[in-house]
Amino acid sequence: MHTELQLDNQICFRLYTAARLITQAYTPMLTELGITYPQYLVLMVLWEKDCQPVNDIAHRLLLETNTVTPLLQRMEKLGIVTRKKGDHDKRQQIISLTKKGREMEDKAYKLIPAGMGETLKTCPLQIDDYTQLAGELDTIIETLKNK
């Protein structure tokens with residue numbers, strides 16, 4: 001057997017498992033907000049900077065627009081965002097937060113950091129470890145993004 005092909009030797013499996021379990025840990029808090037994890041990611045992009053074209057949101061999330069568009073349509077039905085045509089380019093869709101979408105930021109702030117802190121409190125990693133891990137993951141992402 002080729003040890004390079006053993007599951008325990010695959011960084012991709014560890015990353016996949018960690019991502020899946022972290023997303024799972026977010027689920028109860030996001031359910032309380034009435035949104036999914038992908039919707040939360042879109043909201044974080046819009047909380048940083050409101051009124052963005054769909055292409056910019058997709059680019060920030062490293063997704064294709066055809067993946068983001070149905071997500072935004074569902075968010076519009078929930079009353080979280082609005083879509084309008086661009087002023088200069090009518091083909092462009094500009095996504096903006098509604099009042100409900102803006103108010104969700106404070107609710108998320110009260111729920112999620114504390115909730116994830118509680119979830120991870122038994123993890124022996126310190127803040128410096130998380131910072132280092134984030135930097136290492138950024139390096140992996142940048143390397144793969146440019147392939």
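Everything quoted here is computed from the prediction, not taken from an experiment. Atoms considered below: every heavy atom in the structure, side chains included; atoms not considered: hydrogens, waters and symmetry mates.
Checked against Met104 for a side chain to side chain contact (heavy atoms under 4.5 Å, CB included), the options Ile80, Thr98, Leu97 give a single hit: Ile80.
Smallest separation of non-hydrogen atoms from Cys51 and Ile94: C-CG2, 3.8 Å. Considering all non-hydrogen atoms of both residues, Gly79 and Lys100 come closest at O-CB, 3.6 Å. Listed here is the closest heavy atom pair of Arg102 and Asp50: NH1-OD2, 4.3 Å.
Counting only distance, with no hydrogens or angles, the side chain of Asn9 and the backbone of Glu4 share no donor-acceptor pair below 3.5 Å. In this structure, Glu32 contributes its side chain and Pro28 its backbone to no donor-acceptor pair below 3.5 Å.
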Worked check of side-chain contact (heavy atoms from CB on, under 4.5 Å) between Gln93 and Lys85:
CA-CA 5 Å; Gln93 289 280 311; Lys85 294 194 183 297; 4.1 Å; yes

Step by step, work out the side-chain contact (heavy atoms from CB on, under 4.5 Å) result for Val45 and Leu41.
CA-CA 6 Å; Val45 169; Leu41 297 178; 5.9 Å; no

What do the steps show when you test Leu133 against Asp129 for side-chain contact (heavy atoms from CB on, under 4.5 Å), and what is the final call?
CA-CA 6 Å; Leu133 177 60; Asp129 298 322; over 6 Å; no

Could you walk me through whether Ile95 and Lys84 pass the side-chain contact (heavy atoms from CB on, under 4.5 Å) check?
CA-CA 7 Å; Ile95 307 302; Lys84 69 172 189 156; over 6 Å; no

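For the atom pair OH (Tyr37) and CZ (Arg20), the distance works out to 14.0 Å, reported to the nearest 0.5 Å. Going from atom OG1 of Thr36 over to atom CD of Gln39 covers 3.5 Å, rounded to the nearest 0.5 Å. Going from atom CG of Leu120 over to atom CG of Leu125 covers 8.5 Å, rounded to the nearest 0.5 Å. Interatomic distance, Arg83 CZ to Ser96 OG, rounded to the nearest 0.5 Å: 12.0 Å. Atom NZ in Lys145 sits 14.0 Å away from atom CD1 in Ile140 (nearest 0.5 Å). Note that the CG atom of Leu111 and the CG atom of Leu30 stand 9.0 Å from one another [nearest 0.5 Å].
Counting non-hydrogen atoms of neighbouring residues, nucleotides and ligands closer than 6.0 angstrom, the OH atom of Tyr109 reaches no more than 12 such neighbours. A 6.0 Å sphere centred on CD of Glu142 holds more than 12 heavy atoms belonging to other residues, nucleotides or ligands.
Ion pairing between a basic and an acidic side chain is recognised when a charged N comes within 4.0 Å of a carboxylate O; Lys107 and Glu103 show no such pairing.
The hydrophobic clustering, which links ILVMFWY residues whose side-chain heavy atoms are closer than 4.5 Å, places Leu43 and Leu78 together. A continuous path of hydrophobic side-chain contacts links Val42 to Met44 [ILVMFWY only; heavy atoms under 4.5 Å]. Follow the hydrophobic side-chain contacts under 4.5 Å out from Met116 and you never reach Leu21; the two are in separate clusters.
Ring geometry for Trp47 versus Tyr40: interplanar angle over 60°, hence perpendicular rather than tilted (30 to 60°).
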Listing, residues 54-73 side-chain donor-acceptor contacts under 3.5 Å, not counting sequence neighbours, or none:
residue: Arg60; atom: NH2; partner: Glu48; partner atom: OE1; Å: 3.3
residue: Thr69; atom: OG1; partner: Thr65; partner atom: O; Å: 2.8

